[in-house]
Asker: 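I have a structure here, written as structure tokens, and I will follow up with some questions on it.
Lettering of chains follows the sequences in order, A, B, ..., and the numbering in each one begins at 1.
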Protein chains: 2
Amino acid sequence: MAQPKFAQIKQHIISKIKSGEWAEHSRVASENELAEQFSVSRMTARRALSELTDAGILSRTQGLGTFVASFKSQSNLLEIRNIADEIKERGSDHRCIPEVLESMPAIAPIAIALGVEQNSQVYRSVLVHLENGTPIQVEERFVNPTFAPGYLQQNFEQITPHEYLCEVAPLTEARHTVEAIMPSAQVSQWLSLFNEEPCLQVIRRTWSSNGVVSFTRLISPGSKYRLGGHLTFKR
Amino acid sequence: MAQPKFAQIKQHIISKIKSGEWAEHSRVASENELAEQFSVSRMTARRALSELTDAGILSRTQGLGTFVASFKSQSNLLEIRNIADEIKERGSDHRCIPEVLESMPAIAPIAIALGVEQNSQVYRSVLVHLENGTPIQVEERFVNPTFAPGYLQQNFEQITPHEYLCEVAPLTEARHTVEAIMPSAQVSQWLSLFNEEPCLQVIRRTWSSNGVVSFTRLISPGSKYRLGGHLTFKR
DNA sequence: ATATTTGTATTGTATATACAAGTGTTCTTG
DNA sequence: CAAGAACACTTGTATATACAATACAAATAT
């Protein structure tokens with residue numbers, strides 16, 4: 001069997017939807033009907049329908065039937081990737097310069113974000129990521145020392161902070177925010193920006209089961225970096 | 001039965017992982033072991049494992065076993081939402097002002113993005129979205145007339161362009177790019193920005209089965225809009 | 001010693017069956 | 001006529017079973 005039966009049925013349904021033959025909200029054959037059409041058991045037909053439902057392509061209601069889900073409900077997702085992976089995948093050279101590695105008292109917004117007491121000591125690291133020698137991202141990270149007491153002793157040219165934290169504290173959740181900002185003079189200098197230029201700022205908070213592990217700002221110049229699209233063709 | 005058996009098993013596994021008891025890449029009980037532990041059939045235990053695998057929490061290899069997936073592989077996804085929905089969900093008032101609604105010849109980059117001949121006629125709309133009277137997003141959209149010949153006759157104070165296009169052409173795919181830019185003078189005016197301010201620009205291309213339906217630029221000021229985070233507490 | 005075979009544990013696919021539970025229609029009854 | 005009961009059809013949960021396919025280790029043959 002080249003393809004398993006349930007996969008063939010999935011393909012069949014997807015092609016009907018993509019071709020526009022089955023419109024949004026239109027009824028899809030029931031499990032029993034599909035089973036008969038394809039000469040399979042109900043459980044096999046059911047598997048095809050269930051997996052497409054999990055994928056958000058179909059929508060089912062007990063007692064009513066199965067329907068083509070509305071395209072609107074399919075959320076538009078954007079993947080936030082690791083800059084090092086992204087650079088390597090492009091076949092470019094990735095390097096990383098640690099600029100700051102220190103312990104400092106947490107000022108109010110940092111303390112709130114990390115869930116620690118104000119002015120308690122937290123770790124701070126600033127790394128600059130280079131693609132073929134050009135600075136492309138500043139990574140400023142504040143770390144809760146409770147979860148990663150050995151943070152300051154790491155060599156971040158060898159292991160990325162994110163990898164280290166994953167090893168030390170089992171991460172359970174991450175939240176992201178994306179915004180457009182003008183970089184501070186210090187950040188401009190790290191990014192070697194001579195003219196004022198808008199930057200994309202990604203803020204990430206990572207959680208372990210007991211609280212916030214780290215709070216990170218990723219800042220990239222708008223002219224050299226964008227999220228989501230792989231800017232393959234340069235102008 | 002309060003919760004179905006397969007869901008209870010899923011819960012059990014998730015709690016073990018979240019608590020850190022089961023580390024990354026560590027082995028999870030096999031289907032048969034789980035079946036015995038919970039006094040269920042192998043198929044029920046299997047369902048729990050399969051669904052967690054689909055969700056990216058576990059990873060399975062035939063012949064080898066089931067393992068806790070690495071947190072790293074869990075991609076960080078950001079949802080790009082509809083501005084109108086977002087505003088309404090915040091309990092604010094949403095209004096929309098159509099600024100431009102015209103047919104125009106496609107200049108090179110637009111023609112390429114839409115997959116039409118250069119200088120052929122395409123439709124263009126510019127809408128300004130307001131939250132409680134404050135401009136918060138400019139939506140500039142270029143539409144392939146082949147898929148939506150009646151586009152210019154719509155009243156976009158009643159129906160959003162996206163909703164209309166979904167009705168007219170069955171959308172099958174959408175791709176997004178996010179970047180930071182400085183707005184043009186015209187955009188600044190539409191957004192009522194008096195000072196130069198960086199903006200978040202989302203570029204979206206939507207596809208039907210036969211080609212690109214529309215090409216959209218969503219521009220929002222960095223001070224009033226961010227992606228992903230619900231900025232609940234204002235300063 | 002090295003290759004081959006065999007065996008075992010595991011996940012993957014597929015079927016037949018049973019009953020529960022939700023939805024809507026039709027029939028019955030007051 | 002209207003309320004309720006019965007029914008048909010749907011998806012949801014659960015089980016028992018069979019065999020295929022893969023990975024790895026151990027036994028065996030060369």
Asker: Which is more 5' along DNA chain C, the nucleotide nearest B:G63 or the one nearest A:Q62? Just name the residue.
Answerer: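 Closest to the 5' end, via its nearest nucleotide, is B:G63.
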Asker: Tell me: CG of A:L64 to P of D:dA8, nearest whole Å?
Answerer: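 Atom CG in A:L64 sits about 19 Å away from atom P in D:dA8.
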Asker: Going by side chain to side chain contact (heavy atoms under 4.5 Å, CB included), A:V68 matches just one of A:I57, A:V28, A:L52. Which one?
Answerer: A:V28
Asker: With distance as the sole test, does A:T53 use its side chain to make a donor-acceptor pair with the main-chain N or O of A:L49 at under 3.5 Å?
Answerer: yes
Asker: Just the rounded figure in Å: distance from P of C:dA9 to CZ of B:R27.
Answerer: 12 Å
Asker: Let's see if you get this right: which residues in residues 38-45 of chain A place a heavy atom under 4.0 Å from DNA chain D?
Answerer: A:R42, A:M43
Asker: Quick one: do B:R60 and B:E31 make a salt bridge, cutoff under 4.0 Å?
Answerer: yes
Asker: In whole angstrom, what separates B:L34's CG from C:dT10's C1'?
Answerer: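 Whole-Å distance recorded here is 13 Å.
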Asker: In whole Å, what is the span from the CD atom of B:Q3 to the P atom of D:dG12?
Answerer: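 Between P of D:dG12 and CD of B:Q3: 16 Å.
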Asker: How long is the line joining CZ of B:R46 and P of C:dA14, in whole Å?
Answerer: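 Interatomic distance, CZ of B:R46 to P of C:dA14: 11 Å.
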Asker: Who passes side-chain hydrogen bond (donor to acceptor under 3.5 Å, both in side chains) against B:T216, sequence neighbours left out?
Answerer: B:R141
Asker: Let me know the distance between CD of A:E51 and P of D:dT11, rounded to the nearest Å.
Answerer: 16 Å
Asker: OP1 or OP2 of D:dT10 versus the side-chain N and O atoms of A:T61: is any pair under 4.0 Å?
Answerer: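 For D:dT10, OP1/OP2 do not have a side-chain N/O of A:T61 under 4.0 Å.
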Asker: For this output row, return yes or no: ring centroids of B:F142 and B:Y151 closer than 6.0 angstrom.
Answerer: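 No, the ring centres sit 6.0 Å or more apart.
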Asker: So, are A:E131 and A:R90 salt-bridged, with charged N and O less than 4.0 Å apart?
Answerer: yes
Asker: Using whole Å, what does the distance between atom C1' of nucleotide C:dT10 and atom CG of B:L49 come to?
Answerer: 11 Å
Asker: Check every atom of C:dT11, C:dT10, D:dT10 against the side chain of B:E33 and return the nucleotide holding the closest atom.
Answerer: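 Taking heavy atoms from C-beta onward, the closest nucleotide is C:dT10.
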Asker: Of the listed nucleotides (D:dA14, C:dT15, C:dG12), which one gets closest to any side-chain atom of B:K5?
Answerer: D:dA14
Asker: Measuring to OP1 and OP2 of D:dG12, would you say a side-chain N or O of A:R60 lies under 4.0 angstrom away?
Answerer: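 Yes, because at least one side-chain N or O of A:R60 sits under 4.0 Å from OP1 or OP2 of D:dG12.
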Asker: Please report, rounded to the nearest Å, how far the P atom of D:dA16 is from the CZ atom of B:R47.
Answerer: 17 Å
Asker: Can you name the closest pair of heavy atoms from A:V213 and A:W207 and give their distance?
Answerer: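 Looking at all heavy atoms of both residues, the closest pair is CG2-C, 4.2 Å.
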Asker: Side chain of B:F6, heavy atoms from C-beta onward: which of D:dA14, D:dT11, C:dT13 has the nearest atom to it?
Answerer: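 Looking only at heavy atoms from C-beta outward on B:F6, the closest nucleotide is D:dA14.
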